[in-house]
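Just so it is clear, the values below take in all heavy atoms, side chains as well, and ignore hydrogens, waters and symmetry mates. Numbered from 1 within each chain, the chains take letters A, B, ... in sequence-line order. Fair warning: this is a prediction, and the values are worked out from it, not measured in the lab.
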Protein chains: 4
Amino acid sequence: MTTGAVSPRRADTRRNHERILAAALESLTTTGEVSFNTIARTAEVGVGTVYRHFPTPDALVLAVYRREVQHLVDVVPSLLEEHTPEQAFRVWTGHLARYMMTKRGLANALRTAPTSPKELFASASEAMRSAISTLLEANVQAGSVRADLDPLIVLRALGGLLYLSPSEDWQSQTERLTDLLWRGMRT
Amino acid sequence: MTTGAVSPRRADTRRNHERILAAALESLTTTGEVSFNTIARTAEVGVGTVYRHFPTPDALVLAVYRREVQHLVDVVPSLLEEHTPEQAFRVWTGHLARYMMTKRGLANALRTAPTSPKELFASASEAMRSAISTLLEANVQAGSVRADLDPLIVLRALGGLLYLSPSEDWQSQTERLTDLLWRGMRT
Amino acid sequence: MTTGAVSPRRADTRRNHERILAAALESLTTTGEVSFNTIARTAEVGVGTVYRHFPTPDALVLAVYRREVQHLVDVVPSLLEEHTPEQAFRVWTGHLARYMMTKRGLANALRTAPTSPKELFASASEAMRSAISTLLEANVQAGSVRADLDPLIVLRALGGLLYLSPSEDWQSQTERLTDLLWRGMRT
Amino acid sequence: MTTGAVSPRRADTRRNHERILAAALESLTTTGEVSFNTIARTAEVGVGTVYRHFPTPDALVLAVYRREVQHLVDVVPSLLEEHTPEQAFRVWTGHLARYMMTKRGLANALRTAPTSPKELFASASEAMRSAISTLLEANVQAGSVRADLDPLIVLRALGGLLYLSPSEDWQSQTERLTDLLWRGMRT
DNA sequence: CATGAATGAGTCTTCATTCAT
DNA sequence: AATGAATGAAGACTCATTCAT
C-alpha cells in the first residue's frame, strides 16, 4: 500500500538469509557441524526457513565457503599496492594461515563434504588459485620468482598451514614455512 | 585372574582386539565413519566388547592411527639403505602421498577428532617428525640439504599432499611439490 | 463486494478454481496424495489461494470426487438409449471398473478421508446410487431383474471392482463378477 | 544363572514384540496411521526397539495383517463342523463384514501400502482365497452351489463389505448382499 | 483477493551408550 | 568378559497452516 518504505516482508527475508549464514559460519568455525536444526535455533528462524533458503546442507556450506574465501581473494590487490611483490606474497600467506586457523571447522567441513566436492572446488579452489596466480605474476614481473611455477603446486605447498593450531607458535611457523617455500620459488 | 598361564579367554580377547582394529581401519579408509555399532557388526563382536577394548571412539581412532603411521616410519631405514639420501627423501614423499590418498578417511577422521587432538598428535605426529628427521639427517650428512631445517616445517610443507585426490595426476603433482620443496631445502 | 457486475477479478478467481481442481485430480490419480503445497505449485497459485477456495483438504477431495463421479452418472442415459437394459447394466459396470482402475488414488483418498466421511458419501455415494437406480428401473420395466433390489446393495456388490489392478486381467474379471451378480439379480 | 526360569531378558524381548504388534493394530484400526514414534510411545518402548523388531513400516503392517487375516482363515473349519455348508458360508461373510468394519484402518493401510503390494497379497490374499475355496468346495459337495465358481470372483464380490460403516445397518446389509450373491452362486 | 515466506509440530531414521543376562 | 537388546537424544526433512504484504 505504501510506496516509500521497503516492504517489511522483504526485509525479513533478507535478514533471515543473513542470520542463517551467520549462524552457519559460527557453527562451522566452532564445532564444524552444520545441523539445520541447530542453525535454525541459533538464527532464531524455523527449520523450514533454512530449507527454503538452502535446499541441502551442502548448499549452505558452499555459500558460507564462497563468502569466506572471497575475503582472501579480495585482499590481494591492496596487498600488491602497499607492498613489494615479495612482501605481498609473504603477508598473504600470513592471512591464509590466520584464516585457516580461524576457520578450521569450515576447512574440515569442506574436505568431508559428502556430495559434489567437484562443484565446491571448481569455484572455491579456483578462486584461491587465481589469487595466488596474481601474486606470482607480480613476482615474476619483478624478477623475484621463477616463471614456471604452477600456482596449484604453490597452493598445495601452503596446504600445510591447515595443520597449524592456535596453541602453537603458528606465526613463527608460518614464516618459516613461507621462507622454505620462497627459497624454492625464487629465481 | 592368573598371570602365569595364557588362558583361552586371553586368546579370544586378543583376537577380538585385532578384529576390531581391522574393522575400524576398513571403515575409516572407506566411509570415514567410526560407528561403534557398525564396527561391532563387521568385527562380529558385540558392541559392548568394542566398548570394553576402546572406551571412546577417539581411543579407537587413535589406536588405528598409531598403527598406520608406523608403516611410514618403518619404511625409512630400508629406503636409506637402498637409495642415496636425496632419492630416499623423494621416494618417501611418494609413500606419504600414496598413504594420504589411500587413508583419506583416516586423515579426515583425525582432523575432525573432536577431543584430545593433543594426545593424538603427541604420539602420531611425533612419529612422523622423527621419520622425516632421520631422512633429513642423512641428507645433511651427505651435504645435500641445509643443516638448519626443522623437520616439523618440512612435514607441514608436505601437508599439501593431503589435498591430492586419486582422480587427479597425483604422481606428477607429488613430484613437482617435492621438487619445489627440495629447491628450498638444499644447500 | 458488488453483485451486479462480473469483475475481471471474478474471472481470475474462476480460473484459479479450475486450475486447483485440475491439479488436485492429477495428484490424486497419480500419487494419491493431496498436499496443498504441492497442489499450489502445480496449479501455479499461492498456497493461500488454495486455502481460500477450499478450507480443508477434505473439502478439496470432496469437490474433485463429486466432479468425477458425475461422469459415471452422466453416461447412464445414453447407455439406455443405445442398448437393451441388461446390456446397459453390463456396459456400465465396465465403465465403473475402468473408472476405479484409473482413479485408484482418488478412491483410496476417499476411503482414508479422516473426517466427515458422512458428507462425502451423502453426496457422492448418493449420485452413484441414483445412477444404478436408473439402470435397475429400466431392467425392472423390461422384466429382466427382480423388482425388490436395493440399488445400494448392488453398488456394494460392485465394490469388489475396486480391487482390480491394471496388471491383472481386469476385463474378464469384471465380466465374470457382473455375470455372478446378474444371476442373483434376474427374475 | 538359574535354569528353571526363562531368562528375563528373553521375556522382555518377546513381550516387546507383542506390545508393538498390539500398539500397531490399535493404531491401524483407529487412525489408520503407523507412525513408528507414536507406536513406540504407545507400546512404551524406545523407537529403536521398534526398528529392531520391524525394519520398515511395511514390515510392521504386514505382520499385523498376516496375524489378523489368519483369524478369518482359522475360523472356517469350525464353521463347517457346526453348520451346513450354506450356513457356514453365510456366517463367514458375517465374520468378514465385522472384520472389515473393525479393521477399517488396516484395510486402508493395506490398499495404500506403498511397497511390495505383491508380497503382501501373495500371502494374505491367497489365505483369504483358500478360506473361501474351502467353503465353496463344501457347498459344491452338498450340491448347493455351482461347481464352476472362481473363489477369487466371489472374494471380489464380497469386497463391497469394505464400504460398510458401523453407523449404518451393516448387519442387514451384509445379509442382503450375501443373499444377492448366493442367488448367483447356487445351482 | 492472491501470494508465498515463515513457522514449527511431527515423522523417519541413525547411533552412542547402557545394562541385563 | 562377551553379548546384543533396549533406550532415547538428535538430526534430516515434510507439510499443514498462518500471516504480512
Peer 1: Determine the minimum heavy-atom distance between C:Ala24 and C:Val64, stating which atoms define it.
Peer 2: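 That closest heavy-atom pairing would be CB-CG2, 3.8 Å.
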
Peer 1: Are B:Thr13 and F:dA1 close enough that a side-chain N or O sits under 4.0 Å from OP1 or OP2?
Peer 2: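 Negative; the distance criterion is not met.
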
Peer 1: Can you list, by residue number, the residues of residues 36-45 of chain A that have a non-hydrogen atom closer than 4.0 angstrom to DNA chain F?
Peer 2: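 Here the set is A:Phe36, A:Asn37, A:Thr38.
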
Peer 1: Is the phosphate of F:dA1, meaning OP1 or OP2, less than 4.0 Å from a side-chain N or O of B:His53?
Peer 2: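 No.
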
Peer 1: Any stems for DNA chain E, made of 3 or more Watson-Crick or G-U pairs in a row, each with both distances under 3.5 Å?
Peer 2: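 Listed by first number, the stems are E:2-21 with F:2-21.
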
Peer 1: How many Å lie between CD on D:Glu33 and C1' on E:dC12, as a whole number?
Peer 2: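 Atom CD in D:Glu33 sits about 14 Å away from atom C1' in E:dC12.
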
Peer 1: Return whichever of A:Tyr51 or B:Thr49 has its heavy-atom-nearest nucleotide of DNA chain F closer to the 5' end.
Peer 2: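 Whichever sits nearer the 5' end wins; that is B:Thr49.
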
Peer 1: Let me know the distance between CZ of C:Arg14 and C1' of E:dA2, rounded to the nearest Å.
Peer 2: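 One finds 17 Å between C1' of E:dA2 and CZ of C:Arg14, rounded.
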
Peer 1: Can you work out whether B:Ser35 or C:Asn16 has the more 5'-proximal nearest nucleotide on DNA chain E?
Peer 2: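 With B:Ser35 and C:Asn16 compared, the 5'-side residue is C:Asn16.
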
Peer 1: To the nearest angstrom, how far is C:Arg52 atom CZ from E:dG4 atom P?
Peer 2: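 Checked: the CZ to P distance equals 15 Å.
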
Peer 1: Are D:Glu18 and D:Arg67 close enough for a salt bridge, meaning some N to O gap below 4.0 Å?
Peer 2: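 Here D:Glu18 pairs with D:Arg67 in a salt bridge, since their nearest N and O are under 4.0 Å apart.
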
Peer 1: Let me know the distance between CZ of A:Arg19 and C1' of E:dA6, rounded to the nearest Å.
Peer 2: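 It is 13 Å, rounded to the nearest whole Å.
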
Peer 1: F:dG11 P sits how many Å from A:Phe54 CZ, rounded?
Peer 2: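 So the CZ-P distance, A:Phe54 to F:dG11, works out to 19 Å.
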
Peer 1: If we only count heavy atoms from C-beta on, is the D:Thr49 to D:His53 side-chain gap below 4.5 Å?
Peer 2: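 Of all side-chain heavy-atom pairs linking D:His53 with D:Thr49, at least one is under 4.5 Å.
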
Peer 1: Taking the nucleotide of DNA chain F with the closest heavy atom to each, which residue, C:Gly48 or B:Val47, is nearer the 5' end?
Peer 2: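 It is B:Val47, whose closest nucleotide lies nearer the 5' terminus.
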
Peer 1: Test your reading of the model: is there a side-chain donor-acceptor pair from B:Ser27 to the backbone of B:Ala23, 3.5 Å cut-off?
Peer 2: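 Answer holds: no.
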
Peer 1: Is there a side-chain contact between C:Arg19 and C:Arg15 (heavy atoms, below 4.5 Å)?
Peer 2: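 Sidechains of C:Arg15 and C:Arg19: in contact.
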
Peer 1: Tell me: CZ of B:Arg15 to P of F:dA1, nearest whole Å?
Peer 2: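 Answer to the nearest Å: 15 Å.
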
Peer 1: Roughly how far, to the nearest 0.5 Å, is CG of A:Leu25 from CD1 of A:Ile20?
Peer 2: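 Answer rounded to 0.5 Å: 13.5 Å.
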
Peer 1: Once you round it to whole Å, what is the distance between P of E:dT13 and CG of D:Leu60?
Peer 2: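 In whole Å, E:dT13 P lies 12 Å from D:Leu60 CG.
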
Peer 1: Is the shortest side-chain heavy-atom distance between D:Phe36 and D:Leu60 below 4.5 Å?
Peer 2: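 A side-chain contact under 4.5 Å exists here.
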
Peer 1: Do C:Phe54 and C:Val61 come close enough that some side-chain heavy atom pair is under 4.5 Å?
Peer 2: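 A side-chain contact under 4.5 Å is absent here.
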
Peer 1: Can D:Thr13 and D:His17 be said to form a side-chain contact (heavy atoms from CB on, under 4.5 Å), step by step?
Peer 2: CA-CA 6 Å; D:Thr13 301; D:His17 202 83; 5.9 Å; no

